[in-house]
Amino acid sequence: MFFNLARPADPHILGQRYNSHRETMKTQSAVLLSLLLSIGGALPYRAGHPAGESRTPPRIAANDNRRPAGALRDGKLELRLDIVTAEWFPEAESGPSVMMQAFAAEGRAPEIPGPMIRVPEGTEIHLTLHNSLPDSEVVVHGLHTRPATTDDVVTIPARATREVTFRSGPPGTYFYWGTSTHEPMVGRNRKDSQLSGAIIVDPRAGPATTDRTFLIGVYREAMDSTGHLTGHPREIVVINGKSWPYTERFTFTEGDTAYWRVIDASSAPHPMHLHGFYFNLERSGREGVDSVIQAPAITQANTRVVDPGGTMAIRFVPNRAGNWLFHCHLALHVDGTSTLANILSVRPISAMQLDHAHMNHGLNEMSGLIIGIHVLPRGERITTSAQAPQRLRLFVQTSRYGYNNTPAIGFVLQQGAEPKKDSVTLPGPTLFLERGRPARITVINRLNVETAIHWHGMEIESYPDGVPGWSGMPGRIAPAIQPADSFVAEFTPPRAGTFIYHSHMDELTQTNSGMYGALIVTDSAHPFDSRIDKIILVGGGGPGSAETRSQGMVNGSITPQLELEVGTAYRLHIVQIYPQGIVLFRLGTDTTVARWTPVAKDGADLPPEQSTPRAAFVSMGAGETGEFLYTPERPGVQRLQTQTRLAGWQVPVVLLVRPARRVATK
């Protein structure tokens with residue numbers, strides 16, 4: 001079946017609050033159409049028959065990358081591909097559509113992503129490529145033997161045919177991509193933005209693989225509601241041709257192993273975050289090369305950036321029952337305003353945000369680059385603790401006095417009497433929990449809109465994970481925290497480390513405006529000493545939108561400072577929760593780069609072979625944390641330069657390094 005439509009109104013998954021008559025009817029219509037298409041099959045596209053000559057354009061099928069294309073015989077793959085213009089439905093099959101260029105294998109409908117080429121190592125691949133576009137030359141990249149140091153291309157004039165033959169090369173995750181606008185991948189955003197397909201090369205021998213492949217695409221509209229170009233255009237992000245909640249969903253049983261390949265053939269980076277579990281990075285590469293990860297590369301994570309043209313292969317074991325997510329952590333790529341309807345109508349930001357305030361979170365308030373995961377219990381799980389729970393009361397409030405003269409939305413931790421209703425701590429207070437001790441955190445919502453808190457990176461039960469309308473299990477789905485209401489998050493931290501807590505609703509407004517904070521879990525081997533443990537928390541400094549980027553803040557300031565001492569070994573806890581960009585960190589002087597030793601990633605301790613001294617430079621996507629040991633060697637002023645990777649903002653953290661204090665001797 002080509003179509004993997006989600007069932008957005010499934011009462012067993014999303015809870016009773018989303019089962020309105022209107023939503024049910026919409027879902028039934030979408031599923032019925034999907035079934036009709038899958039039973040009858042999408043109409044195959046005939047090579048050499050341009051879409052403009054047909055009254056009804058062909059319909060693009062969502063490609064779940066489960067069926068290889070072409071005919072493989074005697075070590076040779078024969079495949080005929082056409083490049084066509086067809087109608088694309090990135091959301092519901094009965095929803096809005098846009099004409100898009102796509103690859104079509106002979107005898108099959110056009111597909112997004114393009115047909116998957118999957119062959120054993122050493123296979124000879126012979127492709128016949130026809131360009132049915134009536135007035136556009138197409139340049140296709142990636143049709144060459146790996147590993148490759150040059151970018152061989154195949155240029156196909158309008159209505160012309162070209163052939164190419166190459167050998168597959170070593171096992172790995174690769175891809176091919178085309179452009180009719182002659183843009184590089186980072187500039188390929190519009191009608192040719194989905195001309196991409198996976199190339200998977202398997203070992204000659206060995207057990208059959210049960211992996212899955214996900215190819216990411218971005219379609220972007222560069223005009224704002226007034227018809228002018230904007231530096232931050234609205235966009236829709238898809239994975240295997242679909243946007244949440246219409247992406248494929250996966251069901252595992254506790255203890256299963258998942259092996260996933262991720263290909264970023266889009267123009268944007270994507271910090272991919274897995275709720276509830278760590279994954280192990282096994283391979284990493286680009287279009288022309290892919291290799292097994294070797295020490296001292298860091299392999300265990302729950303968030304990792306995949307850059308444009310990048311690939312990664314991950315393995316994880318979903319060992320706790322419940323509903324979970326795997327998604328991009330850039331807010332715009334999962335925000336409910338990033339829909340095709342909003343792109344096509346070029347709606348004003350104010351109108352989109354008004355609708356956004358009334359959306360159901362698990363169903364509509366999120367969209368884009370998200371995969372849903374259901375984990376079934378393998379047996380009854382009984383967890384008890386003799387320790388008294390650690391009780392915290394965390395208020396979500398507003399204040400007129402926020403970042404950059406904008407109203408603040410943030411947290412206040414109750415310490416004694418209830419806090420004043422107009423008080424906010426910016427950024428949120430650091431929460432300290434103990435490994436193995438139950439925590440009972442009561443979150444009180446004093447906003448006039450609903451909210452939810454995600455305990456980012458924590459290996460906890462599904463129900464308190466913080467995705468309203470999704471977290472939990474059938475019969476017990478977590479709700480959003482309504483105004484003047486509260487939610488009790490109960491969990492036991494199983495691991496000591498550096499984590500994050502932040503809003504999981506309307507992150508462009510709520511998280512950016514101050515709803516984020518560091519979460520430190522301690523034990524006897526991981527104490528926290530404020531003299532040597534220094535938190536560097538990067539987040540937004542006010543609301544953002546599809547067209548505006550929030551200013552970045554470090555520890556709630558644009559002029560942060562830390563005082564250090566020569567010869568003291570410090571542990572720097574870097575927390576990156578800025579939801580609108582990739583952030584670079586560089587420690588040193590204007591002319592030199594210091595050295596530090598990474599000791600933890602995303603809250604997990606690194607093994608010795610990965611915890612080695614290196615240049616003090618790191619790139620982090622939203623949702624990543626790291627711990628680094630750093631010992632200043634001489635007095636003076638150093639800087640931890642903190643800035644977005646692309647044009648945006650920079651905030652230097654000034655490190656005032658003082659001489660070592662003399663210890664008095666008798």
Side-chain angles (χ1 to χ4, degrees), residues 2-4 42-47 51 57-72 77-90 98-119 125-133 136 138-144 153-156 161-164 166 168 173-181 183 185 188-201 212-219 237-242 248 261-267 287 308-309 311:
F2 293 105
F3 298 93
N4 292 281
L43 293 176
Y45 195 84
R46 292 181 295 165
R59 189 184 185 102
I60 294 174
N63 179 11
D64 62 9
N65 280 317
R66 299 183 69 178
R67 182 173 69 156
L72 180 61
L77 178 75
E78 291 282 353
L79 175 60
R80 300 177 66 88
L81 291 178
D82 198 9
I83 301 163
V84 305
T85 297
E87 192 173 13
W88 183 39
F89 295 79
V98 64
M99 299 304 295
M100 189 69 62
Q101 294 170 6
F103 287 107
E106 186 175 46
R108 286 164 56 170
E111 295 176 306
I112 291 178
M116 178 173 67
I117 299 172
R118 184 157 198 165
V119 295
I125 300 170
H126 178 250
L127 293 177
T128 302
L129 297 148
H130 181 80
N131 178 10
S132 285
L133 304 182
S136 298
V138 175
V139 178
V140 181
H141 303 248
L143 301 178
H144 52 72
V153 300
V154 180
T155 301
I156 316 166
T161 301
R162 294 289 185 268
E163 295 186 36
V164 60
F166 62 96
S168 64
T173 304
Y174 312 102
F175 63 98
Y176 62 97
W177 63 281
T179 172
S180 63
T181 56
E183 292 281 357
M185 183 172 292
R188 188 184 62 141
N189 297 312
R190 304 193 71 184
K191 60 184 179 181
D192 59 351
S193 61
Q194 308 305 309
L195 281 174
S196 309
I199 300 177
I200 307 300
V201 181
R212 291 299 306 274
T213 299
F214 306 105
L215 191 144
I216 299 170
V218 172
Y219 170 60
V237 189
V238 296
I239 189 160
N240 284 353
K242 285 293 182 181
E248 186 176 0
R261 305 174 189 259
V262 179
I263 300 170
D264 183 3
S266 78
S267 60
E287 178 272 315
T311 68

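This one's a predicted model, so the numbers in the text were calculated from it and none came from an experiment. All values below come from the heavy atoms of this structure, side chains included, with hydrogens, waters and symmetry mates left out.
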Listed partners of Phe89 passing ring-ring contact (aromatic ring centres under 6.0 Å, His included), at least two apart: none
Qualifying residues under side-chain contact (heavy atoms from CB on, under 4.5 Å), relative to Thr161, sequence neighbours excluded: Thr128, His130
Over all atoms of both residues, closest heavy-atom pair of Asn63 and Asn240: O-CB, 3.4 Å
Test side-chain hydrogen bond (donor to acceptor under 3.5 Å, both in side chains) applied to Glu183 - qualifying residues, sequence neighbours left out: none
Distance (rounded to the nearest 0.5 Å) between Arg162 CZ and Leu81 CG: 15.5 Å
side-chain contact (heavy atoms from CB on, under 4.5 Å) involving Met185 - partner list, sequence neighbours excluded: Phe175, Trp177
Arg118 and Arg67, any side-chain heavy atoms less than 4.5 Å apart: no
Heavy-atom side-chain proximity of Thr179 to His141 below 4.5 angstrom: yes
Sidechain-backbone polar pair: Asn189 side chain, Tyr219 backbone, donor-acceptor under 3.5 Å: no
Any side-chain heavy-atom pair of Thr85 and Pro57 under 4.5 Å: no
Non-hydrogen atoms of Ser132 and Asp82 that approach each other most closely: OG-OD2, 2.8 Å
Approximate separation, where rounding is to 0.5 Å, of Met100 CE and Arg190 CZ: 9.5 Å
pair Ser168-Ile125: side-chain heavy atoms closer than 4.5 Å: yes
Gln194 to Ile112 - nearest heavy-atom pair and separation: CB-CD1, 3.5 Å
Heavy-atom side-chain proximity of Tyr176 to Pro113 below 4.5 angstrom: no
Which atom of Ala86 lies closest to which atom of Ile60, heavy atoms considered: CB-CG1, 3.5 Å
Heavy-atom donor-acceptor pair, Asn131 side chain to Ile156 backbone, under 3.5 Å: yes
Spacing of CZ belonging to Arg80 relative to CD belonging to Glu163, to within rounding of 0.5 Å: 7.5 Å
Sequence-distant partners of Thr213, side-chain contact (heavy atoms from CB on, under 4.5 Å), two or more places apart: Asn65, Ala198, Ile200, Arg261, Ile263
By side-chain contact (heavy atoms from CB on, under 4.5 Å) - contacts of Ser180 (at least two apart): Gln101, Leu133, Ser136, Val138, Lys191, Asp192
Nearest non-hydrogen partners of Gly70 and Leu77, listed with the distance: C-CD1, 3.9 Å
Ser266 versus Pro308, closest heavy-atom pair with distance: O-CB, 3.4 Å
Asp64 side chain near Arg212 side chain, heavy-atom distance below 4.5 Å: yes
Exam field: side chain Arg188 to backbone Gly178, donor-acceptor pair closer than 3.5 Å: yes
